[in-house]
J.: 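This is the structure, below, for whatever I ask next.
This structure is a prediction, so every number in the text was calculated from the model and none was measured. We name chains A, B, ... by the order of the sequence lines, and we start the count at 1 in each one.
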Number of protein chains: 2
Amino acid sequence: MLSKQMISMDAREILAQYLQNYVDLNEDESNQFVSCFEEIKVKKRQFIVQPNFIAHHVHFIVKGAFRSYVVTDEGNDHTTSFAIENWWITDYNSFIYQQPATSFVIALEDSVILRVHYENQKELKQANHKFETFFRIIAERGLAFFQRRITNNITLSAERRYDQFMSKYSHIAQRLPQYALASFLGMTPEFLSKIRNNKVQKKS
Amino acid sequence: MLSKQMISMDAREILAQYLQNYVDLNEDESNQFVSCFEEIKVKKRQFIVQPNFIAHHVHFIVKGAFRSYVVTDEGNDHTTSFAIENWWITDYNSFIYQQPATSFVIALEDSVILRVHYENQKELKQANHKFETFFRIIAERGLAFFQRRITNNITLSAERRYDQFMSKYSHIAQRLPQYALASFLGMTPEFLSKIRNNKVQKKS
DNA sequence: TGTTTAAATTATTATATGTCAATATTGACA
DNA sequence: TGTCAATATTGACATATAATAATTTAAACA
């Protein structure tokens, strides 16, 4: 079996491969697309989006994990989303309208991302119908994802929100600090701790 | 001043005009776009999307108001979104993936909509880069809207969610039954009633 | 226009979840 | 490898919001 080193791909190759899931590009097109992205290494706990600054980029995660969260006036933090490999993350409200962000996006691990600037993305969208299609698909899927998330949050109890998350995303839960998961699910870390403890009790 | 009758526009003209806010189309293009839409009159309390049926259409509201909601196993209903004139509504998760819906979309008033079938929308997107751009923009805006909505729901208390909604959408609130607003804001109708009553007390 | 049905209000009681504070555990990095 | 900071756990207590039920008000429609 090949070692990880030997089969490791260049970041842009990974993005190019990901692209092929959605649109059929020839080599030139693929190169044109990925060359608009800038590769960045991000250290754990480093921010890539901050409140009051405009989010100039959308970030594609090649390796690592991020979380995006808001902080209320009372100082409580609330996770709005997560992202791991092959996901996109930014403050969409800030990015789309190019207005100051309200949320943080922070690295949960040492990570590698490919980011595209607002203006460059705009040019890509204009340059080629297929690129436009790609970004349309990503936006539509994000929309459907968020609609499901809202439904879950309004509909389910804290414990069932936890169960639902674990059944779908337990692999992500493993990479998250528990307070981040708690605030994503809309509960306190203490309460999440109790939910987990209850489950252990029941099993034995 | 002209009477309402005299200045009333054909439904497709309204859509065409709306389109011009987002993309620059010539007359042929505009006609091609709107001719893919079907005009439907919908009576109050009539459904345009139902659970277990695939949402085949996206609906553009020419006149009227709709609400989309889910019903839990316990029989509680939860509003996931509203829409009035010049908004779009469907079960996006169902429409995008063409899988059975989980939510209802129901008319709150006698309404007029323009709907486009999944296959027709697909053809439109392929036919013209500008049409693709248009749907991309709509999806992106929906995404940003839902991200704000999630943030509000996780972050704010029931009363502050109400305040925030009223400050932005009081014109919509007037057209909604109160139980629908309550379930949109994630609280019981009884509790919303109390919040409103408290405010009246305070003022006097 | 009256009669039926749906929606909103109000009060009482119940509960899920939050808050606070103290302790234990884990991870970072010097 | 030890020390300090970050995270997780636990229990006692507090509270925002839900549930239930009964009454009033408003809307539907025949």
J.: Looking at B/Gln178, I'd like to know whether one of its side-chain N or O atoms comes within less than 4.0 Å of OP1 or OP2 on D/dA26.
T.: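 Answer no for this pair, as no side-chain N or O of B/Gln178 is under 4.0 Å from OP1 or OP2.
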
J.: Check every atom of D/dT20, C/dA11, C/dT17 against the side chain of A/Phe191 and return the nucleotide holding the closest atom.
T.: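 Output: C/dT17.
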
J.: When you match A/Pro177 and B/Gly186 each to their closest nucleotide on DNA chain D, which lands nearer the 5' end?
T.: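 Looking at DNA chain D, the more 5' nearest nucleotide goes with A/Pro177.
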
J.: Which of these nucleotides, C/dA11, C/dA7, C/dC20, is closest to any side-chain atom of A/Glu190?
T.: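 From the listed options, C/dC20 comes nearest.
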
J.: In whole angstroms, how far is the P atom of C/dT13 from the NZ atom of B/Lys194?
T.: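 From B/Lys194 NZ to C/dT13 P: 12 Å.
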
J.: Could you tell me how far apart B/Leu192 (CG) and D/dT17 (P) are, to the nearest whole angstrom?
T.: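 So the two atoms are 12 Å apart, to the nearest Å.
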
J.: Looking at B/Arg67, B/Lys44, B/Arg45, B/Arg175, which one forms a side chain to side chain contact (heavy atoms under 4.5 Å, CB included) with B/Leu108?
T.: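 Of the listed options, the one satisfying the test is B/Arg67.
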
J.: Taking side chain as C-beta onward, heavy atoms only, is A/Ser68 less than 4.5 Å from A/Asp91?
T.: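 A/Ser68 does not reach A/Asp91 side chain to side chain.
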
J.: Starting at CG of B/Leu156 and ending at P of D/dT17, how long is that distance when rounded to a whole Å?
T.: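 For the pair B/Leu156 CG and D/dT17 P, the rounded distance is 11 Å.
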
J.: Please check if any side-chain donor atom of A/Ser94 sits under 3.5 Å from a side-chain acceptor atom of A/Gln99, or the reverse.
T.: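 No, A/Gln99 and A/Ser94 have no side-chain donor paired with an acceptor closer than 3.5 Å.
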
J.: What's B/Pro189 touching, base or sugar-phosphate or nothing? Going by heavy atoms closer than 4.0 Å.
T.: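 The residue B/Pro189 makes no contact with any strand.
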
J.: Within this structure, what is the CZ-to-P distance between B/Arg161 and D/dT17, rounded to whole angstrom?
T.: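 Interatomic distance, CZ of B/Arg161 to P of D/dT17: 7 Å.
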
J.: B/Arg160 has an atom CZ; how far is it from atom P of D/dA16, in whole Å?
T.: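 Computing the B/Arg160:CZ to D/dA16:P distance gives 14 Å.
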
J.: Examine A/Phe184 together with A/Tyr69 and report whether their ring centres are nearer than 6.0 Å.
T.: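 When the ring centroids of A/Phe184 and A/Tyr69 are compared, they turn out to be at least 6.0 Å apart.
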
J.: Please walk me through it: do B/Arg115 and B/Glu38 pass salt bridge (Lys or Arg N to Asp or Glu O under 4.0 Å)?
T.: CA-CA 5 Å; B/Arg115 69 179 196 187; B/Glu38 188 183 358; 3.1 Å; yes

J.: Rounded to whole angstrom units, what separation is found between the CD1 atom of B/Ile154 and the C1' atom of C/dT17?
T.: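 The answer, rounded to whole Å, is 15 Å.
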
J.: Picking from C/dG18, C/dT10, D/dA19, which would you name as closest to the side chain of B/Ser193?
T.: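 Within the option list, the nearest is C/dT10.
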
J.: How many whole angstroms separate atom OH of B/Tyr179 from atom P of C/dT9?
T.: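 Computing the B/Tyr179:OH to C/dT9:P distance gives 14 Å.
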
J.: Using the rule given for side-chain contact (heavy atoms from CB on, under 4.5 Å), can you reason through A/Phe95 versus A/His56, listing the C-alpha separation, both sets of side-chain angles and the distance that settles it, and then say yes or no?
T.: CA-CA 6 Å; A/Phe95 180 77; A/His56 290 298; over 6 Å; no

J.: Just the rounded figure in Å: distance from P of C/dT9 to CD1 of B/Ile195.
T.: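 Atom CD1 in B/Ile195 sits about 12 Å away from atom P in C/dT9.
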
J.: Rounding to 10°, can you tell me the angle the first-five-pair axis of the helix from C/dT1-D/dA30 to C/dA30-D/dT1 makes with its last-five-pair axis?
T.: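 For the helix from C/dT1-D/dA30 to C/dA30-D/dT1, the axes at either end differ by 60°.
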
J.: Could you go over nucleotides 22-28 of chain C and give all protein N or O partners under 3.5 Å, atom names and distances?
T.:
from	atom 1	to	atom 2	distance (Å)
C/dA28	OP1	A/Lys44	NZ	2.9

J.: For B/Arg161 and B/Asn152, indicate whether the former's side chain and the latter's backbone hold a donor-acceptor pair under 3.5 Å.
T.: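 The answer is no, because no donor-acceptor pair under 3.5 Å joins these two groups.
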
J.: Show your working on salt bridge (Lys or Arg N to Asp or Glu O under 4.0 Å) between A/Arg136 and A/Glu140 and close with a plain yes or no.
T.: CA-CA 6 Å; A/Arg136 188 260 303 163; A/Glu140 279 181 353; 3.1 Å; yes

J.: One thing to verify: whether B/Lys63 and B/Glu85 come together as a salt bridge, which I'm taking to mean a side-chain N less than 4.0 angstrom from a carboxylate O.
T.: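 Looking at B/Lys63 together with B/Glu85, the answer is no, because their closest N to O distance does not fall below 4.0 Å.
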
J.: Please determine if a side-chain N or O atom of B/Thr188 lies less than 4.0 Å away from the OP1 or OP2 oxygen of D/dA18.
T.: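 For B/Thr188, the contact criterion (side-chain N or O under 4.0 Å from OP1 or OP2 of D/dA18) is met.
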
